[in-house]
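I am attaching a structure below and will ask some questions about it afterwards.
Per chain, numbering begins at 1; letters A, B, ... match sequence-line order. What you see below is based on every heavy atom in this structure, not just the backbone, and it leaves out hydrogens, waters and symmetry mates.
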Protein chains: 2
Amino acid sequence: MNAVGIIGLGLIGGSMAKAAEAAGYKVYGSDASADVVESALKDGVLSGRLEDHYGDIGMLMVALYPLDVVDIILETAPKLPAGCIVVDCTGVKKMICSALSERLSVMGLRFIGGHPMAGKEVSGYENACADLFVGASMILCTDEFTDSAAVDEACGIFPKLGFSQVKITTADEHDRVIAFTSQLAHVVSSAYIKSPTLDVRYGFSAGSFKDMTRVALLNENMWADLFLANRDDILREIRQISEHLKEFDDAIEERNRDALVKLLADGRVRKERDNAAEGI
Amino acid sequence: MNAVGIIGLGLIGGSMAKAAEAAGYKVYGSDASADVVESALKDGVLSGRLEDHYGDIGMLMVALYPLDVVDIILETAPKLPAGCIVVDCTGVKKMICSALSERLSVMGLRFIGGHPMAGKEVSGYENACADLFVGASMILCTDEFTDSAAVDEACGIFPKLGFSQVKITTADEHDRVIAFTSQLAHVVSSAYIKSPTLDVRYGFSAGSFKDMTRVALLNENMWADLFLANRDDILREIRQISEHLKEFDDAIEERNRDALVKLLADGRVRKERDNAAEGI
């Protein structure tokens, strides 16, 4: 395979395009903004417009807002060559895979649900960069309609775009875990920064405050759709952390030092174990 | 002033010693561990043992566990030369300043409550480094017993140790704000990592997860004392974030997209304003 198509040239799709071009692939792209396509052609990131090259591509990547992904892929599918690999880049997977996996398989296309675990607090093609995925994990979700040869091919392609690992999982497991590792972080950051104490914090900044609030700088429309598409999983995680915060509240309220030390030690041990499992 | 004394040569006191030595001060230190003092003498960080040089120092810094600070300072005070500046490094200030400010003033010493806003997830002299405070804020808490000339001198000294700013405030304001910028971050990190989903997260790592859980790797005995010493302020912040998490829970539970977008947009705007105020 030597050519990829990309629909949506924002932060993620634009970075995929730049990484693929840098890796030696021909890249054909499209975007709702004609200006963005012009820029990408001028930058030499795109070798042409996707609408002129459907027949040339071996893989199509789609990086759009969550609620647009299914419709655009179904609309595009009849134009794609037989056997074309189709990978989306959406942060939730049950909603996408259940709508597409069987249908695209019947049409002779090879769909894999994808989620590149990388991002920035800024968006758009102008912030896209060829090294956004360096060191990141590319998650691929498979089911009974997935073509295993397509997964093998994808496992060869994504490391060339910078990813340090390709994680194969199911849409169910993806959505359950991502609710904890990514979605909850965004909810907590946004909740954290709502304290009225924010307005008097200048000069009292600490690294921990910066870390806790970094991802509060998010795109509210995209994240609202991601949360609603993963409602049960994110609600479960919000309730988990709320219960654990209540345990801290109780221990401090009751001045129960033993309970407080135990809660903190449990968190420390979990973090140590987690670091060790990651080889940190 | 050309010599400082330091009691407690752990991560913070050890880093103060290394930074002061690098800045050209003579440093005389003491520590509960004889081995640590030996190491610091051998490293050339210390010019001598504090017990042999009380009369030579112009400033004493004390970096001990919160509950030890007041007793050790009161025990040491009679040995210090008249007019000696005394600065502690404890993460809570009302408890320390109320116990020491007037008493040391009566003894002819010049006490200032201090809090260096820097740290690491590891502790001890072996992790101390001369550049720990580079770019950080040094908070000084003053009251009616504070000698203003001592504050002026301290404002000249701490930037030489790497601090980018010295923030002058009161113990009340310090404890109120620090509950939000630092203490809450440690509680939330510790609560975050308690989700059972942690055990299946490998391969799903994201930068936001790492940021949210970094400071869960804490010293539970020290932080338990800091939380209990600042009980009302940290309880208020835990309850603030819990209420805000409940707003997210409600909006997602009710599938109320408008409310959810509004909550997220409010967080984003607050983060943008906060970054702007910091010049980011």
Greatest number of heavy atom pairs closer than 4.5 Å to chain B - which of A/Gly119, A/Ala185, A/Gly207: A/Ala185
Top contributor to chain A contacts, counting heavy-atom pairs under 4.5 Å, from B/Ala191, B/Ala118, B/Gly267: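 If we count pairs closer than 4.5 Å to chain A, B/Ala191 comes out on top.
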If we only count heavy atoms from C-beta on, is the B/Lys271 to A/Val215 side-chain gap below 4.5 Å? no
Would you say B/Tyr192's side chain and A/Val188's backbone share a donor-acceptor pair under 3.5 angstrom? no
With respect to chain A, which residue among B/Ile178, B/Val269, B/Asp266 yields the maximal number of heavy-atom pairs within a distance under 4.5 Å?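 Winner by heavy-atom pair count: B/Asp266.
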For side chain to side chain contact (heavy atoms under 4.5 Å, CB included), just list the numbers for B/Arg214 and A/Asn275, CA-CA rounded to whole Å, side-chain angles, deciding distance to a tenth of an Å, and then say yes or no. CA-CA 10 Å; B/Arg214 181 176 63 84; A/Asn275 280 350; over 6 Å; no
Rounded distance (nearest 0.5 Å) linking atom OG of A/Ser195 with atom CD1 of B/Ile241: 9.0 Å
So, do A/His244 and B/Ile193 sit near enough that their side-chain heavy atoms are less than 4.5 Å apart?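 They are not in side-chain contact.
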Applying a strict 4.5 Å limit to non-hydrogen atoms, the region of B/Ser164 in contact with chain A is neither
Ring center gap for A/Phe204 and B/Phe180 short of 6.0 angstrom: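 Not under 6.0 Å, so no.
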Is B/Ile252 close to chain A through its backbone or its side chain, or both, or neither, when contacts mean heavy atoms under 4.5 Å?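 Both parts, backbone and side chain.
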Any chance NZ of B/Lys120 has more than 12 other-residue heavy atoms, nucleotides or ligands included, within less than 6.0 Å? yes
Pairs of heavy atoms under 4.5 Å with chain A: top-ranked of B/Val166, B/Val187, B/Leu198: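 If we count pairs closer than 4.5 Å to chain A, B/Leu198 comes out on top.
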Among the options B/Thr169, B/Thr197, B/Leu260, pick out the one with the most heavy-atom pairs lying under 4.5 Å from chain A. B/Thr197
Any side-chain heavy-atom pair of B/Arg270 and A/Asp199 under 4.5 Å: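 In short, these two side chains touch, coming nearer than 4.5 Å.
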State, yes or no, whether a side-chain contact exists between A/Phe248 and B/Ser190 at a heavy-atom distance under 4.5 Å.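 In short, these two side chains touch, coming nearer than 4.5 Å.
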When only heavy atoms count and the cut-off is under 4.5 Å, which of residues 151-163 of chain A reach chain B?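 So far as heavy atoms go, nothing in residues 151-163 of chain A approaches chain B to under 4.5 Å.
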With a 4.5 Å cut-off on heavy-atom pairs, point out which of A/Ser137, A/Ala136, A/Ala179, A/Ala265 contacts chain B the most. A/Ala265
Under a 4.5 Å heavy-atom cut-off, does chain B meet the side chain of A/Ile139, its backbone, both or neither?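 Side chain of A/Ile139 only, per the 4.5 Å heavy-atom cut-off to chain B.
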Determine, step by step, whether A/Met212 and B/Ser189 satisfy the side chain to side chain contact (heavy atoms under 4.5 Å, CB included) criterion, reporting the C-alpha distance in whole Å, the side-chain angles of both residues, the deciding distance to 0.1 Å, and the verdict. CA-CA 8 Å; A/Met212 296 306 291; B/Ser189 267; 4.0 Å; yes
Check step by step if side chain to side chain contact (heavy atoms under 4.5 Å, CB included) holds for B/Leu263 and A/Glu220. CA-CA 8 Å; B/Leu263 288 170; A/Glu220 58 265 20; over 6 Å; no
State plainly whether the residues A/Lys210 and B/Asp211 are in salt-bridge range, i.e. N to O under 4.0 Å.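 The answer is no: the pair does not qualify as a salt bridge.
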Could you state the interatomic distance from NZ (A/Lys194) to CD (B/Glu243), rounded to the nearest 0.5 Å?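 Those atoms lie 12.5 Å apart.
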With a 4.5 angstrom heavy-atom cut-off, is it the side chain or the backbone of A/Glu272 that approaches chain B, or both, or neither?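 Interface part for A/Glu272: both.
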Check against side chain to side chain contact (heavy atoms under 4.5 Å, CB included), A/Leu245 and B/Leu245: CA-CA 11 Å; A/Leu245 286 170; B/Leu245 286 171; 3.7 Å; yes
Close approach to chain B in residues 225-240 of chain A, criterion heavy atom under 4.5 Å: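 The list, in residue order, reads A/Asp225, A/Phe227, A/Leu228, A/Arg231, A/Ile234, A/Leu235, A/Arg236, A/Glu237, A/Ile238, A/Arg239, A/Gln240.
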Among B/Asn219, B/Asn221, B/Val200, which residue has the highest count of heavy-atom pairs closer than 4.5 Å to chain A? B/Asn221
Are any non-hydrogen side-chain atoms of A/His186 and B/Ser208 less than 4.5 angstrom apart?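 In short, these two side chains touch, coming nearer than 4.5 Å.
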B/Asp274 and A/Arg201, any side-chain heavy atoms less than 4.5 Å apart: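 Yes - at least one pair of side-chain heavy atoms lies under 4.5 Å apart.
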At a heavy-atom distance under 4.5 Å, which candidate from A/Gln165, A/Glu173, A/Glu253, A/Lys246 has the highest pair count against chain B?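 When all of A/Gln165, A/Glu173, A/Glu253, A/Lys246 are compared, A/Glu253 has the most.
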